[in-house]
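Down below is the structure, laid out as structure tokens.
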Number of protein chains: 2
Amino acid sequence: MRQGIPDATVARLPVYLRALTTLAEDGTATVSSEELAAAAGVGSAKLRKDLSHLGSYGTRGVGYEVEYLVYQISRELGLTQDWRVVIVGVGNLGHALANYGGFVSRGFTVAALLDADDRIVGETVGGLVVRPVDDLEEVVADQGVHIGVVATPAPAAQDVCDRLVAAGVTSVLNFAPVVLLVPDTVMVRKVDLSTELQILAFHEQRQVANRLSVDVPARVVALEPDGGTGRAGVSP
Amino acid sequence: MRQGIPDATVARLPVYLRALTTLAEDGTATVSSEELAAAAGVGSAKLRKDLSHLGSYGTRGVGYEVEYLVYQISRELGLTQDWRVVIVGVGNLGHALANYGGFVSRGFTVAALLDADDRIVGETVGGLVVRPVDDLEEVVADQGVHIGVVATPAPAAQDVCDRLVAAGVTSVLNFAPVVLLVPDTVMVRKVDLSTELQILAFHEQRQVANRLSVDVPARVVALEPDGGTGRAGVSP
DNA sequence: AGGCACTTGTGAACGGGTGCACAAAGTTGA
DNA sequence: TCAACTTTGTGCACCCGTTCACAAGTGCCT
């Protein structure tokens, strides 16, 4: 139970945490798995199983104490300690990240902003002065940075990543549209805006296809309980 | 094979597409599953299985023709048509999105930028004049918008989403840190920066714990490395 | 023409995650 | 105290995705 929380569960814990803090702000003291699951947009069984991986923090017949659960999830995610983050690349996205309040409120501290462009270095963004990217190694070492955020243009990303890793960073959040190569001791997560849009486009296209096939003899459509890939009999 | 491409595969197609266009720019004509898989950061077997869902587009003994595969994936993702996108909320993140080149290059057109703040309305961002959020319904209808991007603060997100859906949008990309409720005919994808960081923090924490326990008899794991948040001895 | 080297496409085994359904455990009210 | 009710925690069956391993197909060289 304590041993090894499934990845899928870990990925959902922040969602639960968000829902719980909202509930706490509204003054809710306890919450049932059903309610919390609804707020988080998952099934109640899944939620209970997820939480059971952390321990037995609920009370049968009652539910979960909001504040206590917030603490337990925070602790499990490692949010009770302060993580220092360095953001490399202060373009449009870097600006957004530097000004994003969600970091600080969750126990993350932006240790520094770095950029290779002389025109940006020296500017103040989100309360921090942008420093030259050459300070990378110094910043990571002196400030004890754990997490690197890569928000550079694609061509610079791998190089920046290499330097982060060499300097001792073991987790990287990558916004650049490239696949970063790292030693397997380092964890990389990628966020790609255009990828998300393309996935949406795929489903849009399929929906459109479905809509068009509505007036087609219904026989074929009915077979697929799964909502149907709809592509009934279309041959290329 | 033609019937219903798995979600996991769809999510990877944009990655393959990116790798392929890079290869194409470098003048590569054909590529093996091994090479392409390496460039995309996945296993070669997975890549082949993914591509096999689209059809038999490879040549045994040779590999895949880059340009042809680009076309096939693009078509499957629906990128051969132009999708019109409206971005609601032109704060830091909205700015970044509006200026992001990756949209246009992939067949997405930003139809309009909307914001509720009078101080921002009228500004020109990424070549477009920001319009008041009241124009939402008009924009969606007149411009034939398919996809809505929600980049508003959390409190406004659900309302904006409702209006998008009511106006006819069937896909939503949500950057606000809330779970959007939509009818199940509408598809929502969520991108949450702080969620990603929290997942990294979890793995960081665990790595640190592992490092510490290397030279310690394994039993001691139960100790809290966490610098005394107080609640150490709480028993249920 | 025939063998060799290479690469795709896929059947089959495997593993992890999801959802159901229910027993266990706690609460409330009489 | 006891019975009725609520809600958690979990065993189990199922499903989807991943990985392995290999037969089948293709080009090249002799």
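Within every chain, numbering begins at 1; the chains are lettered A, B, ... in the order of the sequence lines, protein sequences first and strands thereafter.
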Euclidean distance, atom CG of residue A:L47 to atom P of D:dT7 [Å, nearest integer]:
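Rounding to the nearest Å, CG of A:L47 and P of D:dT7 are 14 Å apart.
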In whole Å, I'd like the distance from the NZ atom of A:K49 to the P atom of C:dC22.
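Result: 15 Å.
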Residue closer to the 5' end of DNA chain C, B:S33 versus A:A45 (nearest nucleotide):
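The residue closer to the strand's 5' end, by nearest nucleotide, is B:S33.
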Neighbour count >12 (heavy atoms, 6.0 Å) for atom CD, A:Q158:
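Yes, enclosed.
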Heavy-atom closest pair, residues B:I199 and A:A11
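Looking at all heavy atoms of both residues, the closest pair is CD1-CA, 3.8 Å.
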Indicate the atoms forming the closest heavy-atom contact of A:G144 with A:R84, along with that distance.
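Closest approach of A:G144 to A:R84, heavy atoms only: O-CB, 3.9 Å.
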Side chains of B:E67 and B:Y71 only: does a donor on one sit below 3.5 Å from an acceptor on the other?
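Looking only at side-chain atoms, B:Y71 and B:E67 do not form any donor-acceptor pair under 3.5 Å.
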With no hydrogens and no angle check, do the side chains of A:S194 and A:Q198 hold a donor and an acceptor under 3.5 Å apart?
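Side chains of A:S194 and A:Q198: pair found under 3.5 Å.
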Matching residue for A:S171 among B:E204, B:H203, B:Q207 - test: side chain to side chain donor-acceptor pair (under 3.5 Å):
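Only one of B:E204, B:H203, B:Q207 forms a side chain to side chain donor-acceptor pair (under 3.5 Å) with A:S171, namely B:E204.
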How would you label the contact of A:G43 with the nucleic acid (heavy atoms, under 4.0 Å): base, sugar-phosphate, or nothing?
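No contact.
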Counting side-chain heavy atoms from CB outward, which of D:dT10, C:dT10, D:dG17 is closest to B:P6?
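Closest nucleotide among those given: D:dG17.
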Every protein N/O within reach of nucleotides 25-27 of chain C N/O, cut-off under 3.5 Å:
from	atom 1	to	atom 2	distance (Å)
C:dA25	O4'	A:R60	NE	3.4

